[in-house]
Amino acid sequence: MDFLNAFVALSNFVLIPAIAYGSQLALGALGVTLIYGILRFSNFAHGDTMAFGTMATVLITWWFQSMGISFGPLPTALLALPFGIAVCAALVLLTDRGIYRFYRRVKAKPIILVMASLGVMFIMNGLVRFIIGPDDQRFADGARFIVTAGEFKKMTGLSEGLALKSTQAITLVTAIVVVAALFWFLNKTRTGKSMRAYSDNEDLALLSGINPERVVMVTWLIVAGLATIAGVLYGLDKSFKPFTYFQLLLPIFASAIVGGLGNPLGAIAGGFVIAFSEVMVTYAWKKVAGYILPEAWAPDGLVQLMSTDYKFAVSFAILLIVLLFKPTGLFKGKSV
Amino acid sequence: MIRVENLHKHFGGFHAVDGASLEIQPGSITGLIGPNGAGKTTLFNVIAGVLPPTSGRVTMAGEDITGLPPHALFHKGLLRTFQIAHEFSSMTCRENLMMVPGNQAGEQLWNTWFGRKRIADEERALRAKADEVLEFLTISHLADHKAGQVSGGQKKLLELGRTMMVDAKIVFLDEVGAGVNRTLLNTIGDAILQLNKERGYTFVVIEHDMDFIGKICNPVICMAEGKVLAEGTLAQIKANEQVIEAYLGTGLKNKDKLAEAGA
């Protein structure tokens, strides 16, 4: 029995990846939840909004790299991020002007807006592939690791290594900063309060003189920011491939719904619930079990509940369970 | 002040407002009565811009305001409250009031980051005003309570308070008295009279409580089946044949006739 090594293995393969993935999902789900709370529809184009923002950031990163601009040990993409957000915000505002605003004017039912967002999704989907192509793109640079497995082994003398990628650390730090800024904005500023008021009771907000178009505009700006940041962090951590971002839609929606649609705190909690479930269910526990259990009990198989190919099934299953037993989510959002 | 001309609002085949015309005099407290389903609330909704009219015209001080969105009307000084009190449930009563005047400096993204002092000054002024309003409505003790948790009657007071945060010209009150006890209703009535006298608000009040109407309203307009039936003092309205018929139905009258005929 070797708890220390078991814990290190667990951290290396489960805790750290799940925390990083959870932060990315949480940022994505925050965008979905804000749109749902304020514009009152499920934005299916969110995954592709992330892809578009990331693509813009990738292109600007490449340009910076070719100019010889770098950010020291940090990825150049972080420098390009504000510009990527600006490009994504422009596209999203344009979409709102051209498409969603019309449906708001005619007071269309939410399902019509959902269908419109589906159309927007396909267009953005094509746009991204048209500009950057459907292939995997690498844009991460700077230091790869903060601690490598080898260094860790040498440092501690343990037989298990612990690797901490710099992108994982950047993800967590960025997510904390962004979430803190968002909550400060929503709770402390007048604009944030208008957004909350509009989300809480639209009729009353209008009759209090709150300008709905401004609230909607600010919401889209924030959503473009969140989507681009989530997308870039995911891309840095793994790689950028448009199709992967489309696939991310499911875990992101699952996170938002599990936490309670329209509730920002819920979106964050939901992101981590989904990420941890996904990683834990698809992780092969053989190694950890080998350290904890007496030698005679050590398993022969991989002790893996599900192949990683099925990881989306996990978010889908959790989504179903939550919808069946607690449709408003863990944090009492609006019911779907 | 407000002039409604031949207003129609149809929901499919149902004519909720069916050619209503009326005029609200500036400085008056007009009562709007009528049996359930007479189209009073729909009329309010159309005037306040919540629903677009099917046809007809609404003018305010000679200016055409038909179909303007609620927040635009708000800035023209036209306010309304709801039959079932609405509130921002997750905010305190004071914050609810402080939401009110739209277009605050803090609503500009630019100022959020670079105009902190202006926002702070504005917030301070708003806070003082909100406290004043809460004091006036005798609910100061609820300032820091979540608005979702106070009683129905107190929410009604809060709705009235919302109209006091700005210099309203005309306020539409939809059943201020519904579900409110007598004492609180008197408080609301006094507040309305005082606002009318001191600040010159024009009020239009939908209400089913005739004592309340009699106490504060003159003139009274009676609606039925989407049309305006009669207008006058409450006594005149009460004596009006058509109004009695609308409220009690024709059955009763026929019965009287039958009785006269000695059948």
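- Between Arg162(B) and Leu204(A), the closest side-chain pair of non-hydrogen atoms falls below 4.5 Å.
- Taking CD of Glu95(B) as the start and NZ of Lys193(A) as the end, the distance is 4.5 Å to the nearest 0.5 Å.
- The number of heavy-atom neighbours closer than 6.0 Å to CD1 of Ile84(B), taken from other residues, nucleotides and ligands shown, is 12 or below.
- Dense packing is recorded around CZ of Arg40(A), with more than 12 heavy atoms of other residues, nucleotides or ligands lying under 6.0 Å away.
- Within a 6.0 Å sphere centred on CZ of Arg97(A), other residues, nucleotides and ligands contribute 12 heavy atoms or fewer.
- Within a 6.0 Å radius of OH in Tyr103(A), other residues, nucleotides and ligands contribute 12 heavy atoms or fewer.
- Shown here is Phe102(A), whose CZ atom has no more than 12 heavy atoms of other residues, nucleotides or ligands within 6.0 Å.
- In the displayed structure, Lys146(B) atom NZ is contacted under 6.0 Å by at most 12 heavy atoms of other residues, nucleotides or ligands.
- Proximity to chain B is absent for every atom of Lys188(A), based on heavy atoms less than 4.5 angstrom apart.
- Taking all atoms of both residues into account, the shortest heavy-atom contact from Phe88(B) to Ala197(A) is CE2-O, 3.3 Å.
- The side-chain heavy atoms of Leu206(A) and Pro69(B), taken from C-beta on, include no pair separated by under 4.5 Å.
- The minimum heavy-atom distance between Pro70(B) and Leu207(A), with the atom names listed, is CB-CD2, 3.7 Å.
- To the nearest 0.5 Å, atom CG of residue Asp200(A) and atom CE of residue Met99(B) are 10.0 Å apart.
- Remark: side-chain polar atoms of Asn211(A) are not paired, donor with acceptor, to backbone N or O of His71(B) under 3.5 angstrom.
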